[in-house]
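One structure is given below, encoded as C-alpha cells.
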Amino acid sequence: MMKHYEVVAAVIEHDGKILCMQRNKGKFDYVSYKFEFPGGKVEAGEERHTALERELREEMDMDISIPEDAYLMTVEHTYLDFAITMHVYQKE
C-alpha cells in the first residue's frame, strides 16, 4: 500500500516576491533539487495552521502567525511511491 502524508505549505509574499525553497538531494531523484513552498508534515492531533507555524519555526527559524483564515486551497498529488494531501495557506 502506498504511503499517504498530510502536509501543509505556505505561500509567503514579501515586497512582490514569493518565497520558494530548493530541496536538497533526497532519497529519490525525482524530488531532489526541486523548488517547493516551505512547510511540512502535520503531526497526529495537530491543527493544520499550527503545524505550519511549527514547521516554519523548525525549518526556517521564522516565528510568524498563520491564522486559520489564511487557508488558500487543498491539493492532492500522487508521486511514484507516495501521495500527499497538501493544505496551502497564504501569508503576506
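Below, each value reflects all heavy atoms present in this structure, side chains not excepted, and no hydrogens, waters or symmetry copies.
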So which atom in Met73 and which in Val75 form the shortest heavy-atom distance, rounded to 0.1 Å?
SD-CG2, 3.7 Å

What distance do Ile18 atom CD1 and Glu13 atom CD have between them, rounded to the nearest 0.5 Å?
5.5 Å

Considering non-hydrogen atoms only, spot the tightest contact between Ala9 and Phe37 and give its length.
CB-CB, 4.1 Å

Looking only at heavy atoms, what is the nearest atom pair of Ala10 and Leu52, with distance?
CB-CD2, 3.8 Å

Same cluster or not: Leu19 versus Val11, using hydrophobic residues (I, L, V, M, F, W, Y) connected whenever any side-chain heavy atoms lie under 4.5 Å apart?
no

Using the six-membered ring wherever Trp is involved, compare the ring planes of Phe82 and Tyr79 and label them parallel, tilted or perpendicular (cut-offs 30° and 60°).
parallel

Donor-acceptor check, side chain of Lys41 to backbone of Glu55, threshold 3.5 angstrom: yes or no?
no

Separation between CD of Glu59 and CE of Met21, rounded to the nearest 0.5 Å:
9.0 Å

Do Glu53 and Ser65 pass the side-chain contact (heavy atoms from CB on, under 4.5 Å) test, and can you show the C-alpha distance, the side-chain angles, and the key distance before you say yes or no?
CA-CA 6 Å; Glu53 291 171 346; Ser65 175; 3.7 Å; yes

Of the non-hydrogen atoms in His4 and Ile84, which two are nearest, and what is the gap between them?
NE2-C, 3.7 Å

Separation of Ile12 CD1 from Met60 CE (nearest 0.5 Å)
6.0 Å

Criterion side chain to side chain contact (heavy atoms under 4.5 Å, CB included) against Ile66, the qualifying member of Val8, Leu56, Thr50:
Leu56

Just verifying a value: how many Å separate Glu76 CD and Met86 CE, rounded to the nearest 0.5 Å?
10.0 Å

Roughly how far, to the nearest 0.5 Å, is CD of Glu36 from CZ of Arg23?
4.5 Å

Per the ring pair (Phe, Tyr, Trp, His ring centres under 6.0 Å) rule, what does the pair list look like for residues 50-71, sequence neighbours excluded?
Tyr71-Tyr89

Got a second to check how far Ile64's CD1 is from Arg57's CZ, nearest 0.5 Å?
10.5 Å

